[in-house]
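Just below is one structure, and these are the notes that go with it.
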Amino acid sequence: MTPVAASWLPLSPGERSVAIEVLLGGPLSRTELARRLDLSAGSLTRLTKPLIESGLLVEVTEAGVPAEARQGRPSQPLDVVAESRSFIGFKVTEDMVYGVVTTLRSEIVARYDRTLTGREPAEVVEVLGEMTDTLAAAHPRLAGIGIGVGGLVEDRSVVGESPFLNWRDVPLAELVEDRTGLPVVVENDVAALVEAEAWFGAGRGLERFVVLTIGAGIGYGLVLGGKRVPYAEEDRGFGRHWIVDPNGPLTPDGARGSAVSLLTIPNIRYQVQAATGRDSTYEEILGLAAAGEPMPARVIEEAARALGTLVAQIGNFVLPQKILLAGEGVGLMDVAGKTVTETIRAQRHPLAAPIDLETKVSDFHDWARGAAVLAIQVLVLGAADA
């Protein structure tokens, strides 16, 4: 196979639009590509010729195998070689680093995790460096690293504030670049997940798309016009002041009756422990609720109503084509999905179109994959803040 060019930086805007369309939707016939981009056959030929000559695009058969050179006008679909470059994605938590290696199309081909014994920036950077060394040995065509962190990230490079790591103003991208020699981009973990879903996942091709995550916290991401909308609150605890039940529980984290108080895993565990005296895991609480244990069932039912209210309000104001529900807390839907659905229906106009709510069971490797997509975007778009 002819390898993809090392960088997409020299491309003209027209060439880049063709290459990105093939990357996100390929393999594509020239007819379909021209239709999607509203180009004439001649214009498309002019734009694709240098991309094929450079190896960025290849002609493939229906089975996805590069076609042999031949005479006459080529008719095979165009595609990129997804395996031509590899990307590392890291999700950093308070006690673990979850790592993945992906292809150019963000398909995970390797996973590798390490425990953090300390949270000092130098220690974390060394762990990231050692993990990169190990992954590079098996995947030598690495093109970049993406890192997702819970907290405020500035300029896709500096961790301005991370309560999980107790960091302030840590130039993480620069430190990891110095250690690994690879280009590095850093972003808030929810923002990275939204980018991944918008480019390669549930939101691909949609103009209005929302990602809502529930787990240790609540995350929210909005895509309009196919692009993620940055906002100041995304790194500062979304949902802490979104009151969904003014008479709801008072918990250690989040205002009374807020989405955070009702829906996050730590607060659900806190409510059950306060009422029963037992410290149960989230999975145990879901199991007890499903079995009809009164207090866990009540807490999970309240959480389900809160989630339904949140989804209905997002649908009423944003009018999304789809809402993706993801995160470690989505098991709530298995136990109380009916309550969520009924609450959504009760809080929307009777003639409103049903909300397309997609649930994705995800783990920390999905968050790491989101970070890897950041590195893919740097290669494709030419800049970390593109």
Side-chain angles (χ1 to χ4, degrees), residues 86-102 106 108-139 142 144-153 157-182 184-193 196 213-217 219 235 253 264-270 279-284 326-331 361-375:
S86 297
F87 302 83
I88 292 177
F90 290 125
K91 158 68 172 173
V92 182
T93 72
E94 58 187 341
D95 55 8
M96 289 285 295
V97 176
Y98 298 87
V100 299
V101 177
T102 78
S106 85
I108 296 176
V109 296
R111 294 171 172 84
Y112 179 40
D113 308 332
R114 283 275 301 272
T115 301
L116 286 177
T117 57
R119 299 177 192 167
E120 288 298 316
E123 295 178 71
V124 175
V125 168
E126 185 54 31
V127 170
L128 293 171
E130 292 172 358
M131 293 176 72
T132 299
D133 293 341
T134 299
L135 293 170
H139 304 275
L142 292 174
I145 298 172
I147 304 173
V149 178
L152 173 65
V153 178
S157 60
V158 177
V159 180
E161 181 181 8
S162 175
F164 298 102
L165 296 169
N166 196 26
W167 283 4
R168 281 185 177 275
D169 300 324
V170 175
L172 187 59
E174 179 183 350
L175 294 172
V176 178
E177 282 182 1
D178 290 343
R179 171 61 177 78
T180 64
L182 289 168
V184 177
V185 58
V186 181
E187 185 55 280
N188 169 262
D189 52 4
V190 175
L193 182 66
T213 66
I214 56 175
D235 308 311
D253 189 22
T264 60
I265 290 175
N267 284 332
I268 287 175
R269 294 182 62 193
Y270 171 84
D279 184 12
S280 304
T281 67
Y282 183 63
E283 290 71 23
E284 289 170 343
E328 314 90 83
V330 297
V361 179
S362 55
D363 60 18
F364 285 117
H365 294 114
D366 292 299
W367 296 87
R369 170 181 170 266
V373 170
L374 301 174

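Note that the structure is a prediction, hence the values are computed from the model and not measured.
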### Student check: side-chain heavy atoms of I145 and T180 closer than 4.5 Å
yes
### Message
Is the shortest side-chain heavy-atom distance between V101 and I108 below 4.5 Å?
### Response
no
### Task
Identify, with sequence neighbours excluded, every residue that meets side-chain contact (heavy atoms from CB on, under 4.5 Å) alongside A196.
R369, V373
### Query
Residues two or more places apart in sequence or in another chain: which of them pass side chain to side chain donor-acceptor pair (under 3.5 Å) with D178?
none
### Task
Measure across T102 and V100 and return the closest heavy-atom pair with its distance rounded to 0.1 Å.
CG2-CG2, 3.9 Å
### Task
Applying side chain to side chain contact (heavy atoms under 4.5 Å, CB included), run through E328 and I265 and close with a yes or a no.
CA-CA 8 Å; E328 314 90 83; I265 290 175; 4.2 Å; yes
### Task
Answer yes or no: is there a side-chain heavy-atom contact under 4.5 Å between S157 and V186?
no
### Query
Of all heavy-atom pairs between T93 and L165, which one has the smallest distance, and what is that distance?
O-CD2, 3.4 Å
### Query
With sequence neighbours excluded, what pairs up with Y98 under the ring pair (Phe, Tyr, Trp, His ring centres under 6.0 Å) test?
F364, H365
#### Entry: Heavy-atom pair with the smallest gap, counting every atom of G150 and P163
O-CD, 4.3 Å
### Message
Which residues pass the side-chain contact (heavy atoms from CB on, under 4.5 Å) test with A138, not counting sequence neighbours?
### Response
none
### Task
Carefully, step by step, assess V125 and L172 under the rule side chain to side chain contact (heavy atoms under 4.5 Å, CB included).
CA-CA 8 Å; V125 168; L172 187 59; 3.9 Å; yes
### Message
side chain to side chain contact (heavy atoms under 4.5 Å, CB included), that's the test. Do W367 and T213 meet it? Break it down for me.
### Response
CA-CA 11 Å; W367 296 87; T213 66; 3.8 Å; yes
### Query
Any sub-3.5 Å donor-acceptor pair from N166's side-chain atoms to R119's backbone N or O?
no
### Query
Are any side-chain N or O atoms of E177 and backbone N or O atoms of V184, one a donor and one an acceptor, separated by less than 3.5 Å?
yes
### Query
Does the Y282 side chain pair with the main chain of R269, one donor and one acceptor, at a distance under 3.5 Å?
no
### Query
Are any side-chain N or O atoms of E126 and backbone N or O atoms of E123, one a donor and one an acceptor, separated by less than 3.5 Å?
no
### Message
So which atom in V149 and which in S162 form the shortest heavy-atom distance, rounded to 0.1 Å?
### Response
CG1-OG, 3.8 Å
### Query
Between I147 and V176, is any pair of side-chain heavy atoms under 4.5 Å apart?
yes
### Message
Please enumerate all residues that pass salt bridge (Lys or Arg N to Asp or Glu O under 4.0 Å) together with D169, with sequence neighbours excluded.
### Response
none
### Heavy-atom closest contact (H139 atom, L142 atom, distance)
O-CG, 3.1 Å
### Message
L128 vs V97, test: side chain to side chain contact (heavy atoms under 4.5 Å, CB included). Steps then yes/no.
### Response
CA-CA 8 Å; L128 293 171; V97 176; 3.7 Å; yes
### Query
What salt bridge (charged side-chain N to carboxylate O under 4.0 Å, His left out) pairs are there with at least one residue in residues 127-136, not counting sequence neighbours?
R114-E130, D133-R179
### Message
Looking at T264, is its backbone amide N or carbonyl O close enough to the side chain of N267 to form a donor-acceptor pair, meaning the two atoms are under 3.5 Å apart?
### Response
no
### Least distance between heavy atoms, F90 atom then A371 atom
O-CB, 3.5 Å
### Query
S362 side chain to G327 main-chain N or O, any donor-acceptor pair under 3.5 Å?
yes
### Task
Check for a donor-acceptor pair, side chain of D95 on one end and backbone N or O of L116 on the other, with a separation under 3.5 Å.
no
